[in-house]
> 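The structure is given below, and queries will be raised subsequently.
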Amino acid sequence: DAGVIQSPRHEVTEMGQEVTLRCKPISGHNSLFWYRQTMMRGLELLIYFNNNVPIDDSGMPEDRFSAKMPNASFSTLKIQPSEPRDSAVYFCASSLAASDYGYTFGSGTRLTVV
Amino acid sequence: AQSVTQLGSHVSVSEGALVLLRCNYSSSVPPYLFWYVQYPNQGLQLLLKYTTGATLVKGINGFEAEFKKSETSFHLTKPSAHMSDAAEYFCAVSFTGGFKTIFGAGTRLFVKA
């Protein structure tokens, strides 16, 4: 199993540009999570999906952030327009819906907005 | 409300010494408990978990943790630290029927030669 695959690994963009982060979860996992990690705030849950449906997006910081999961094997997190304070490492994780299963994390996307 | 507290944002040990990372949780229902490890420039990796049954659970790389209900704790230990154990460790909790896992703030482990 290739694990959770995120792309790109690094992204540098200018303020105001649109940024799209991509995630391929583990086949068979039906829950998907997007996290953001910064030194100041630590690990923050942005949104999670169950069976491709967004269940809780209360962690999405602003309307500039949006996430989709069009099918069981793909999800995107979009920031439009991007701002320097969005600079962080963004992780995608997948799991079975069972709460005792644990998460498998991707390697993350390091986003720098200049 | 459910929560997780990790005592100590930084822990430093000498190589070969005991590693003890502390985690306490707050919950009104039986919890599922996890430890994750994050090496530099990598995602979090599941180290071990407690769901039901034996309260002492063993994980990868020689780590183990013991669930103590009376103390609402799930401390992570390793008898002898190795340089390669230097990383950040996250305690986490979830609950029956819940979708979300609650993560602690993390403890960075430094191992001195």
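This structure is a prediction, so every number in the text was calculated from the model and none was measured. Naming: A, B, ... by sequence-line order, numbering from 1 per chain.
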> Using the ring centroid of each side chain, check whether A/Tyr35 and B/Phe103 are separated by less than 6.0 Å.
yes
> For the pair B/Tyr36 (side chain) and A/Tyr103 (backbone), establish whether a donor and an acceptor sit closer than 3.5 Å, ignoring hydrogens and angles.
yes
> Supply the atom-to-atom distance B/Thr101 OG1 to A/Leu43 CG, rounded to the nearest 0.5 angstrom.
11.0 Å
> Taking non-hydrogen atoms and a cut-off under 4.5 angstrom, which of residues 38-53 of chain B neighbour chain A?
B/Gln38, B/Asn41, B/Gln42, B/Gly43, B/Leu44, B/Leu46, B/Lys49, B/Thr51
> For A/Glu62, look at atom CD and say whether over 12 heavy atoms of other residues, nucleotides or ligands are found less than 6.0 Å away.
yes
> Side-chain heavy atoms under 4.5 angstrom apart, residues restricted to Ile, Leu, Val, Met, Phe, Trp, Tyr: same cluster for B/Val57 and B/Val37?
yes
> Using the rule that Ile, Leu, Val, Met, Phe, Trp and Tyr join whenever any side-chain heavy atoms are under 4.5 Å apart, tell me whether A/Phe49 and A/Met60 fall into a single cluster.
yes
> Honestly curious: do B/Trp35 and B/Phe95 fall in one hydrophobic cluster under the side-chain, below-4.5 Å linking rule?
yes
> Out of curiosity, does B/Leu21 fall in the hydrophobic cluster containing B/Phe34 (side-chain heavy atoms, cut-off under 4.5 Å, transitive links)?
no
> Could you state whether A/Leu32 and B/Ile102 fall into the same hydrophobic cluster, counting links through intermediate Ile, Leu, Val, Met, Phe, Trp or Tyr residues with side-chain heavy atoms under 4.5 angstrom apart?
no
> Taking side chain as everything from C-beta outward and backbone as N, CA, C, O, which of these in A/Arg41 sits under 4.5 Å from a heavy atom of chain B? Side chain, backbone, both or neither.
neither
> Does A/Arg64 have more than 12 heavy atoms from other residues, nucleotides or ligands lying within 6.0 Å of its CZ?
yes
> Tell me if the CG atom of A/Asp63 is crowded by more than 12 foreign heavy atoms within 6.0 Å.
no
> Which atoms of A/Gln6 are under 4.5 Å from chain B, going by heavy atoms: the side chain, the backbone, both sets, or neither?
neither
